[in-house]
Amino acid sequence: MKEACVISAQALKLIGEAVEPGVSTLELDTLAEKFIRSKGARPNFKGLYGFPATACISINNEVIHGIPAKNRIIRAGDIVSVDLGAEFEGYNGDNAATFACGDVSDEAKRLMEVTKESLYEGIKHALPGGRVGDISAAVQQYVESRGYSVVRKYVGHGVGTSLHEAPEIPNFGVSGRGVRLVPGMTIAIEPMVNAGSYDVKVMPDGWTVLTSDGSLSAHFEHTVAITADGPKIMTLP
Ligand code: MG
């Protein structure tokens, strides 16, 4: 599983480095797919529930599940959320990050920073003997105290021999509640944070999730193992 996670992290890093004005989201997707396959792994988003690509690439007010396309061109000032994973020898990795294209607004920078930090706040609470709600509450508290909102409709999840497994890992909740965390569990923690309201809607393409109020959104995710020694981030390049 560590192998699957490292490949996932390397593919995400590769896309991040390729984000520049004028590049299409399909070009980024192709780059990631080629890389993952070159490692003897499989892009595990492709075909899952019918999703057609290796990466979900979502720009600005798009939250998640953006479909890469040749005519979707990234421009300076955009923030680009990329979510992808790899399966290697039957095990899965999953990770996401939001990248800035060139100079972005101070608001966009702050949103990205808060979202990334909220992920690490959640990870801090991925402790053996704790509960899923400890992670959820930590993310929610961090985000909301900074004036942003966490998406409610989509959540993190267990990850292992399948990409999406129980339990759900919401980014909102009450500490001390929910499934007990035990060593050996592997979970994807993935705050999706909106600058405005947490309400979202799905585009007519049936995939792309947008903020209902048009505000910016950011997304960071790691696959994390619960160990007796504490949380271990698996998706590091
Ligand atoms: Mg995920």
Side-chain angles (χ1 to χ4, degrees), residues 1-13 15-16 29 32-33 36 41-58 62-68 80-88 90-99 115-116 118-123 125-126 132 135-136 138-140 143 150-173 178-179 181 185-194 198 200 202 207-209 217-226 231-237:
M1 187 161 171
K2 180 68 186 170
E3 287 293 307
C5 287
V6 169
I7 294 165
S8 302
Q10 289 172 339
L12 184 63
K13 183 166 181 263
I15 289 199
D29 190 75
E33 178 167 4
I36 289 168
R42 186 183 70 83
N44 52 10
F45 283 30
K46 202 164 192 171
L48 188 67
Y49 317 120
F51 188 75
T54 291
C56 298
I57 306 182
S58 313
E62 297 170 354
V63 181
I64 47 170
H65 300 169
I67 302 173
V80 183
S81 296
V82 180
D83 189 356
L84 61 77
E87 182 205 312
F88 184 76
Y91 288 89
N92 290 275
D94 189 5
N95 60 181
T98 301
F99 302 103
T115 308
K116 190 178 191 174
S118 77
L119 167 59
Y120 288 100
E121 283 300 309
I123 292 171
H125 292 83
V132 166
I135 299 170
S136 308
V139 171
Q140 180 178 19
V143 169
V150 289
V151 170
R152 309 289 176 100
K153 212 172 160 192
Y154 301 89
V155 296
H157 50 91
V159 51
T161 51
S162 298
L163 180 62
H164 293 147
E165 297 181 354
E168 290 191 341
I169 313 289
N171 298 300
F172 58 97
V179 170
L181 303 170
M185 284 176 82
T186 44
I187 55 175
I189 305 175
E190 51 175 320
M192 291 148 263
V193 175
N194 296 348
Y198 62 73
V200 296
V202 180
W207 279 106
T208 314
V209 177
S217 189
H219 183 202
F220 284 84
E221 174 182 32
H222 274 306
T223 297
V224 176
I226 313 295
K232 179 177 164 65
I233 300 175
M234 305 275 278
T235 35
L236 295 173

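Whatever order the structure lists ligands and atoms in, that order sets their numbers, starting from 1. The figures that follow rest on heavy atoms only: side chains count, while hydrogens, waters and symmetry mates do not.
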[X] (side chain) donor-acceptor with [Y] (main chain) under 3.5 angstrom:
{"X": "T223", "Y": "D94", "result": "yes"}
{"X": "T161", "Y": "G90", "result": "no"}
{"X": "S136", "Y": "P170", "result": "yes"}

Just give me the atom name: the N, O or S atom of E190 closest to the Mg ion (ligand 1).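 Result: OE2.
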Rounded to 10 degrees, the angle NE2 of H157 makes with OE2 of E221 at the Mg ion (ligand 1):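 Rounding to the nearest 10 degrees gives 110°.
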Regarding D94, does it place an N, O or S atom less than 2.8 Å from the Mg ion (ligand 1)?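 It does; at least one qualifying atom falls short of 2.8 Å.
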When you check the side-chain N and O atoms of Y49 and H65, is any donor under 3.5 Å from an acceptor?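 No, H65 and Y49 have no side-chain donor paired with an acceptor closer than 3.5 Å.
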